[in-house]
Protein chains: 2
Amino acid sequence: MPRPLKASPERILAAAAAEFAARGYAGARVDRIARRARVNKAMLYYHFSSKQGLYRALLRGTFLEFAGVLAGLAASGEPPAGKLDAAVRAMVAFVDGHAYFPSIMLREVAEGGTHLDAETLDALAAVPRAFAALVATGREAGVFRPVHPLAAYFTTVAPILMYIASTPVRARLSSRGLQPALSTEAFIGDLQHSLRLAFAAPAPAPRSPR
Amino acid sequence: MPRPLKASPERILAAAAAEFAARGYAGARVDRIARRARVNKAMLYYHFSSKQGLYRALLRGTFLEFAGVLAGLAASGEPPAGKLDAAVRAMVAFVDGHAYFPSIMLREVAEGGTHLDAETLDALAAVPRAFAALVATGREAGVFRPVHPLAAYFTTVAPILMYIASTPVRARLSSRGLQPALSTEAFIGDLQHSLRLAFAAPAPAPRSPR
DNA sequence: GTCTATACTTCGATAGAC
DNA sequence: GTCTATCGAAGTATAGAC
């Protein structure tokens with residue numbers, strides 16, 4: 001294996017992820033990305049042709065990977081309530097390996113998808129679609145109430161993204177005594193509990209009470 | 001009233017809100033803000049001294065206003081479950097008058113609060129604090145289960161912010177047939193329903209069943 | 001308070017040698 | 001595939017007259 005670490009394109013993508021997450025598309029500097037990736041700017045443009053091309057390549061790959069994880073869960077044999085818990089866990093786990101994901105997702109939503117082309121939009125759409133498939137199995141099994149799949153998606157994903165992405169702000173607020181602390185484990189537990197209750201089909205009324 | 005419309009500082013704030021929401025802090029252009037506000041750049045700097053100063057002034061005011069709305073709800077005499085519904089409605093209504101709010105909030109979270117000074121952080125912290133007060137009244141009344149107030153805050157606010165801010169992306173996805181439509185009314189109804197179930201204290205087991 | 005004109009800086013992108 | 005050097009555009013901010 002003569003290749004020392006990672007090849008240039010991968011190193012560039014990793015550096016771009018950190019930079020875009022921390023500063024946003026407009027705030028990101030191509031020079032900084034190149035420096036972090038230990039390549040020069042010309043190399044970066046050689047592989048990705050523009051700042052925009054680099055951004056889209058990064059997001060397309062990330063969206064598809066994330067959607068793949070959710071699709072795997074939806075197709076698993078577990079009972080639906082367990083799939084929901086697993087989805088929450090899986091999203092948090094995904095973020096462990098892709099620390100830049102929440103920030104970039106939040107930013108792109110806020111930006112209205114301005115920087116995305118058709119191909120990247122397709123990849124983005126795969127994420128809620130995979131989650132909807134998961135919810136559908138619960139509805140078909142009669143254990144979830146009839147929530148709109150997209151409403152369920154936002155109710156599940158948005159708190160996770162915002163909680164994780166807000167870690168630095170929450171740390172600042174906590175250290176200044178402006179906000180109580182909340183550990184990831186406690187948050188995940190609370191959220192899983194909330195979602196189970198939120199989506200559960202109402203217990204059927206007993207046939208003859210009393 | 002000789003003054004034609006709004007005074008310069010207010011027009012500048014309004015223009016800044018639109019620009020920062022659409023493009024983010026780094027993407028926002030002082031020239032564009034000045035042009036939209038129908039003042040020149042020098043005027044803008046005269047009133048707000050810097051791009052950063054303008055941004056902070058805008059956010060501080062918005063955070064305090066939003067926190068004020070929630071604090072008013074928490075202090076109302078309504079039953080807690082009704083306060084929760086009202087909080088969801090109030091957040092959506094707030095956004096109607098402050099269309100820029102969701103994008104800016106999402107962006108600032110993603111950015112880690114980098115652009116905020118102590119004073120603006122104080123204003124930001126007032127928002128979850130007001131919501132926690134609302135949740136506390138429900139817990140004290142015994143009708144909410146013991147969720148962490150901050151977890152409840154994220155579970156409530158994040159879906160609303162993301163749903164609203166994602167309107168442009170969702171429109172693009174819907175029009176390309178990549179995603180089902182979801183009206184604001186349907187979303188709000190689903191979310192209110194979900195949150196009522198999610199936070200409700202479990203019904204006490206009947207003393208002597210059968 | 002309001003304007004025009006401009007100084008100074010930084011950024012995305014490329015040319016061209018190796 | 002990799003580098004150095006650099007160009008032109010665009011950005012924040014200010015000077016100075018009114």
Side-chain angles (χ1 to χ4, degrees), chain A residues 1-60 100 104 107-108 111 114-117 120, chain B residues 1-60 100 104 107-108 111 114-117 120:
Chain A
M1 306 98 174
R3 205 163 292 159
L5 280 165
K6 278 190 282 190
S8 293
E10 281 144 50
R11 284 211 316 277
I12 294 171
L13 279 175
E19 176 75 3
F20 283 126
R23 321 239 182 188
Y25 181 81
R29 297 297 165 237
V30 176
D31 295 81
R32 257 197 302 256
I33 296 176
R35 188 155 24 88
R36 284 194 207 190
R38 300 191 312 278
V39 301
N40 52 59
K41 263 196 295 188
M43 197 68 256
L44 186 154
Y45 280 97
Y46 173 78
H47 283 297
F48 295 97
S49 73
S50 71
K51 181 183 182 178
Q52 194 183 57
L54 172 57
Y55 186 72
R56 288 173 176 172
L58 170 68
L59 264 63
R60 190 157 18 91
Y100 60 92
I104 288 185
R107 285 181 195 277
E108 201 48 48
E111 209 113 346
T114 325
H115 310 297
L116 307 186
D117 55 355
T120 316
Chain B
M1 304 99 176
R3 204 165 292 159
L5 280 165
K6 277 188 285 189
S8 295
E10 281 143 50
R11 286 211 315 278
I12 294 172
L13 279 174
E19 176 75 2
F20 284 126
R23 321 238 184 189
Y25 181 80
R29 297 297 165 240
V30 175
D31 295 81
R32 259 198 301 259
I33 296 175
R35 188 155 24 87
R36 284 195 208 188
R38 301 191 311 280
V39 301
N40 52 58
K41 263 194 297 189
M43 199 67 255
L44 187 153
Y45 281 96
Y46 173 78
H47 283 298
F48 294 97
S49 71
S50 71
K51 182 183 182 179
Q52 193 182 60
L54 173 57
Y55 186 72
R56 288 173 176 173
L58 171 67
L59 264 63
R60 190 157 19 93
Y100 61 93
I104 289 186
R107 284 181 196 278
E108 201 48 49
E111 209 114 348
T114 325
H115 309 297
L116 307 185
D117 56 354
T120 316

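Sequence lines set the chain letters: A, B, ... in the order given, protein chains first and strands last, and positions in each chain run from 1.
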Aromatic ring pairing A:His115/A:Tyr55, orientation class (parallel under 30°, perpendicular over 60°, tilted between):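 Because their plane-to-plane angle is over 60°, the rings of A:His115 and A:Tyr55 count as perpendicular.
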What is the separation between atom [atom1] on [X] and atom [atom2] on [N], rounded to the nearest whole Å?
X	N	atom1	atom2	result
B:Phe20	D:dG11	CZ	P	14 Å
B:Ile33	D:dA13	CD1	C1'	14 Å
A:Tyr45	D:dT4	OH	P	17 Å
B:Leu44	D:dT14	CG	P	12 Å
B:Lys41	D:dA13	NZ	C1'	7 Å

Spacing of CD belonging to A:Glu108 relative to OG1 belonging to A:Thr114, to within rounding of 0.5 Å: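 Here the rounded value is 6.5 Å.
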Separation between OH of B:Tyr25 and CD of B:Glu19, rounded to the nearest 0.5 Å: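 It is 12.5 Å, given to the nearest 0.5 Å.
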Residue pair A:Val30 / A:Leu54, side-chain heavy-atom distance below 4.5 Å: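 A side-chain contact under 4.5 Å is absent here.
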5' priority, DNA chain C, between A:Ala26 and A:Ala42 [closest heavy atom]: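 Checking each residue's closest nucleotide, the 5'-ward one belongs to A:Ala26.
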Closest-nucleotide 5' rank along DNA chain C - winner of B:His47 and A:Asp31: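 Nearest-nucleotide comparison on DNA chain C picks B:His47.
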Nucleotide interval of DNA chain C bounded by contacts with chain A (heavy-atom cut-off, under 4.0 Å):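 Listing 5' to 3', DNA chain C meets chain A from C:dC11 to C:dA15.
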A:Ala22 backbone acceptor or donor facing A:Arg107 side chain under 3.5 Å: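 Yes; at least one donor-acceptor contact below 3.5 Å.
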Stepwise side chain to side chain contact (heavy atoms under 4.5 Å, CB included) check, B:Phe20 with B:Leu59: CA-CA 10 Å; B:Phe20 284 126; B:Leu59 264 63; over 6 Å; no
